[in-house]
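Remember, it's 1-based here, ligands and their atoms both numbered in the order they're listed.
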Amino acid sequence: MDLLKTVFVAAIIFIPLERLLALKPQQAIRRSHWGNDLVFLLVNGFPIKFGLLAVTAAAAVVAERMIPGVRSGVAGLPWWVQLPLAIVLSDLVFYWMHRAFHHFPSLWKFHAVHHSIEEMDWLAASRVHPVDQIMTKGAALIPVVALGFSDWVMATYALLYFWQSTFIHANVRLRFGPLKFLMASPEFHHWHHSRAAEARDRNFAGQLPFLDVLFGTMHLPRGQMPASYGIDQPMQQNYLAQMLYPVLAADAEQARREDEPQVKPADSSTRSSVPG
Ligand SMILES: [Zn+2]
Ligand SMILES: [Zn+2]
C-alpha cells in the first residue's frame with residue numbers, strides 16, 4: 001500500500017512538472033515502454049526491499065559486535081554532521097559499485113537493463129534489475145547502517161535517495177548552476193544514459209557529482225543535453241525478458257556495448273569533460 005501511495009504521489013508531482021519544464025516536449029506521458037517500467041516499479045519493490053533489509057540487518061549486527069564504540073560515537077554527533085557524512089560515505093561506495101557494474105561484463109549484463117531505457121522520465125528510475133539494485137544500493141547502505149547513524153538521519157537519507165533518483169531521470173530541463181557539482185541533476189544523470197561515445201562510462205555518482213570530478217569521470221558539456229539514450233545491443237522491452245536477460249544473454253562479452261570505451265585510471269583525465 002505504501003508503494004502505491006508513493007507511486008501516486010510521484011505521479012502527481014512529476015507528470016505536471018514534466019509538462020511545465022519538459023526537456024523533450026514532444027515526448028508523451030505514456031512514452032514508449034512506460035508500462036514495462038510501471039511493472040518494474042510495482043513488482044520489483046518486494047524483492048528489492050527484502051534484499052536490502054537482509055544486507056543492512058547483517059551489516060548492523062556485525063558492526064554492533066565489532067565497533068560498538070564507533071557506533072555510539074557517530075550516533076552522538078549532531079544531525080548536521082551525520083547527514084552529510086552519511087551521504088558522502090554511501091555515495092562513495094555507490095560510485096565504485098556503479099563503476100564496477102559498467103566495467104565488468106558479468107555485472108554489466110545486469111546493469112544494461114537500466115541502460116536499455118530510450119526515453120527518460122521519472123518512471124525510468126524504476127527499471128533496475130533487482131540483483132543490480134540490491135548489490136549497488138545494498139553496498140552503499142552498509143556504511144550508513146554499520147556506523148550507527150541515528151534513525152532520523154537514516155530515514156532522511158532514504159527519502160533524499162528515493163526522490164533524488166526519481167528526479168534525476170525526469171524529463172525536465174532544470175539546470176543547477178554552480179550547484180551542479182554538489183547535487184546530481186537531471187542534466188548530470190541524463191548524460192550517464194546518453195548513447196554518445198564520449199559520454200559512456202561517465203557520471204557514476206548517485207548524489208554527489210564532485211566524486212566524478214575527483215575520479216576523472218565527469219561529462220557535463222556546457223549548454224548541451226544528450227540527443228538519444230540507450231545501449232547498442234538489442235534487448236527485448238518487456239519485464240520478464242529483461243529480468244532473464246543477464247542469464248540468457250549469450251555471453252558476457254556480447255552483452256557489452258559495441259564500442260565500449262572502458263575507463264582506466266591512466267586515461268580517465270583525457271576522456272573527462274569537466275565543464276567550465
Ligand atoms: Zn550506469
Ligand atoms: Zn539512471
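Counted by atom type alone, N36 and Q242 present one or more donor-acceptor pairs between their side chains at under 3.5 Å. Under 3.5 Å, the side chains of S90 and Y161 contain no donor-acceptor pair of N or O atoms.
Residues I48 and Q133 come closest through the heavy atom pair CG2-CG, 3.6 Å. Among all heavy-atom pairs drawn from L147 and V74, the shortest one is O-CB, 3.2 Å.
Listed for the D91 side chain is a donor-acceptor partner under 3.5 Å among the backbone atoms of G206.
Residue H114 is tested with H129, H98, H169 for a side chain to side chain donor-acceptor pair (under 3.5 Å); the sole match is H169.
Seen from the Zn ion (ligand 2), atom NE2 on H189 and atom NE2 on H169 lie at an angle near 100° (rounded to 10 degrees).
For the Zn ion (ligand 1), the tally of protein N/O/S atoms lying closer than 2.8 Å stands at 5.
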